[in-house]
Protein chains: 2
Amino acid sequence: MKRKYDLIYDELAKQIQEGVIKPGTLLPSEKELTEQFETSRETIRKALNLLSTHGYIQKVQGKGSIVLDINKLNFPISGLVSFKELSEKMGQRAKSHVESLELLSPGPHLQEQLKVHEGEFIWEVIRVREIDKEHIILDKDYLLQSKIPNLPLEQCKNSLYEYIEGELGLSIAFAKKEITVEEPTDEDRKYLHLNGFSNIVVVKNFVYLEDASLFQYTESRHRPDKFRFIDFARRNK
Amino acid sequence: MKRKYDLIYDELAKQIQEGVIKPGTLLPSEKELTEQFETSRETIRKALNLLSTHGYIQKVQGKGSIVLDINKLNFPISGLVSFKELSEKMGQRAKSHVESLELLSPGPHLQEQLKVHEGEFIWEVIRVREIDKEHIILDKDYLLQSKIPNLPLEQCKNSLYEYIEGELGLSIAFAKKEITVEEPTDEDRKYLHLNGFSNIVVVKNFVYLEDASLFQYTESRHRPDKFRFIDFARRNK
DNA sequence: GAGTGGTCTAGACCACCAT
DNA sequence: TGGTGGTCTAGACCACTCA
């Protein structure tokens with residue numbers, strides 16, 4: 001059974017997206033919504049808080065919940081555009097190549113980043129992302145073998161996240177991203193079509209599971225002209 | 001009177017920061033905390049949710065709230081490092097120069113970005129940020145005069161946010177950031193010490209007030225070698 | 001099965017906005 | 001002053017983890 005406040009969130013989000021509720025107007029009051037959805041006020045408030053953190057509405061005390069123009073705010077919410085999502089938009093114009101898939105003993109740099117134990121092995125997946133026949137992104141993923149015993153090559157061609165969360169049932173709780181700009185390495189030059197660009201945008205991603213253990217480190221290296229990151233930050237109350 | 005859940009949040013956050021509660025251990029259960037703080041469970045849960053979104057703890061159903069290692073996760077929470085915060089860390093090594101402060105009628109580009117009305121004027125503030133005698137960041141701020149009638153030069157030397165939120169009492173609700181990499185403009189070359197770098201990291205920032213109206217557009221142009229952005233994303237329930 | 005966090009309720013009082 | 005959202009309570013039941 002799905003949560004009640006999720007259902008209410010879905011319903012209201014849909015109405016806003018479809019324009020049934022217009023941007024700039026006010027949502028029905030929380031009291032009215034409790035009657036409309038036959039639930040308690042706290043449940044309505046949970047749904048509204050979700051709408052708020054996802055940029056659908058803005059709550060103003062004493063006034064009401066203002067419906068925002070979702071198109072102007074321009075999603076995704078927090079820059080978490082995976083290549084999978086991107087490629088779905090791009091259709092046939094986007095491709096992914098697995099350049100390498102290995103189980104290896106980590107060197108000092110990776111030991112530091114992943115905090116692996118002595119004698120533990122890690123998976124290394126190197127993938128190149130192609131858009132319109134240009135090689136634009138170099139993705140290097142490192143995963144603890146203790147958490148992921150097997151990593152089929154087939155899965156690497158698609159989304160690692162889908163395999164990890166879907167098939168393995170591991171649940172990703174939070175991630176830390178760090179964006180910097182660096183000079184291209186020999187590896188970058190080897191795999192990417194740099195077109196003379198002398199910088200690479202490096203996105204380092206540290207992924208943690210629900211039990212708060214780190215289990216994946218990803219380095220995503222982008223050609224600068226095709227890089228774009230969007231962040232949507234809300235002041236917390 | 002401060003909110004109860006804020007007080008509880010402050011107290012627990014302090015204990016975690018000071019190491020009174022050790023990373024890796026579990027917080028007292030919600031039931032115990034209700035007794036300890038003499039409050040209801042929902043109030044405790046609000047405090048714990050704050051700790052969670054700020055990266056202090058990780059809640060696990062059926063188990064408890066795991067205390068995270070705040071130093072490993074390495075703040076700030078969502079990359080909102082203002083130059084003010086940075087300069088406080090850098091002390092005398094960081095400086096800010098106001099290059100220009102003008103009230104102007106917006107051209108088509110700005111009209112588009114800020115969605116200003118016909119005949120409305122906007123403030124333009126251009127500032128250069130210096131670290132260790134190098135000019136590294138070019139900040140261009142645009143603010144609606146209808147929201148900010150006066151903008152003293154003195155304030156521009158420090159933090160615009162402090163003036164806006166502190167003295168004017170306007171309340172910033174949320175912001176959208178967009179990070180891209182571009183080629184330097186003549187303006188970049190004029191104001192910044194580019195040291196031969198052929199790219200500029202551009203951070204566009206759209207700031208909205210509590211009534212959901214856009215009132216500021218900022219373009220922050222960084223020399224790539226000194227740029228660093230950190231994002232801390234949590235899966236929402 | 002005991003203990004944990006997650007959801008949900010029904011009601012109270014307060015702070016803020018409009019008129 | 002009436003209506004709005006914000007805080008807080010006391011209690012219920014469910015889902016999950018672990019021994």
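Order of the sequence lines fixes the chain letters, A, B, ..., with proteins taken first and strands second; residue numbering starts at 1 for each chain.
- The interatomic distance linking B/K4 (NZ) with C/dC14 (P) rounds to 14 Å, in whole Å.
- Within 3.5 Å, no donor on the side chain of A/Q61 pairs with an acceptor on the base of C/dC14, nor the reverse.
- For A/K59 and D/dG6, the shortest distance from a side-chain N or O to OP1 or OP2 is below 4.0 Å.
- We find that CG of B/L26 is positioned 12 Å from C1' of C/dG3, with the value rounded to whole Å.
- OP1 or OP2 of C/dT9 sits under 4.0 Å from a side-chain N or O of A/T43.
- Residues B/T25 and B/I21 come closest through the heavy atom pair OG1-CG2, 3.9 Å.
- Within the model, atoms CD1 of B/I8 and CD of B/E38 stand 10.5 Å from one another, a figure rounded to the nearest 0.5 Å.
- In this structure, A/E30 atom CD and C/dG11 atom C1' are separated by 15 Å, rounded to whole Å.
- Taking a cutoff of 4.0 Å between a charged side-chain nitrogen and a carboxylate oxygen, A/K140 and A/E124 do not qualify as a salt bridge.
- Contact between the side-chain N/O atoms of A/S65 and the OP1/OP2 oxygens of D/dT4 is not found at any separation under 4.0 Å.
- Rounded to whole Å, the distance from CD on B/E38 to P on D/dC8 is 15 Å.
- For B/R3 and D/dG6, the shortest distance from a side-chain N or O to OP1 or OP2 is not below 4.0 Å.
- Nearest to the side chain of B/K46, among C/dA15, C/dA18, D/dT7, sits D/dT7.
- For C/dG6, one of the phosphate oxygens OP1 or OP2 lies less than 4.0 angstrom from a side-chain nitrogen or oxygen of B/R45.
- You'll find that the side chain of B/Y5 is closest to D/dT7, out of D/dT9, D/dT7, C/dG5.
- An OP1 or OP2 oxygen of D/dA10 is reached within less than 4.0 angstrom by no side-chain nitrogen or oxygen of B/S40.
- We find that CG of A/D6 is positioned 13 Å from C1' of C/dC8, with the value rounded to whole Å.
- Out of C/dC17, D/dG5, C/dT9, the shortest distance to the side chain of A/K63 is found at C/dC17.
- Looking at the side chain of A/E42, the nearest of the listed nucleotides D/dG11, D/dC8, D/dG5 is D/dC8.
- Rounding to the nearest 0.5 Å gives a distance of 9.5 Å between CG of B/D139 and CG of B/N205.
- When the P atom of D/dT7 is taken as reference, atom CG of B/N49 falls 13 Å away, rounded to whole Å.
- Nearest-nucleotide assignment on DNA chain C puts the 5′-proximal partner with B/K31, out of A/G62 and B/K31.
- Atom CZ of A/R41 is separated from atom P of D/dT9 by 16 Å (rounded to the nearest Å).
- Computed from coordinates, the A/I44 CD1 to C/dT7 P distance equals 15 Å when rounded to whole Å.
- Taking the six-membered ring for Trp and thresholds of 30 and 60 degrees, A/Y56 and A/Y9 have ring planes more than 60 degrees apart, a perpendicular arrangement.
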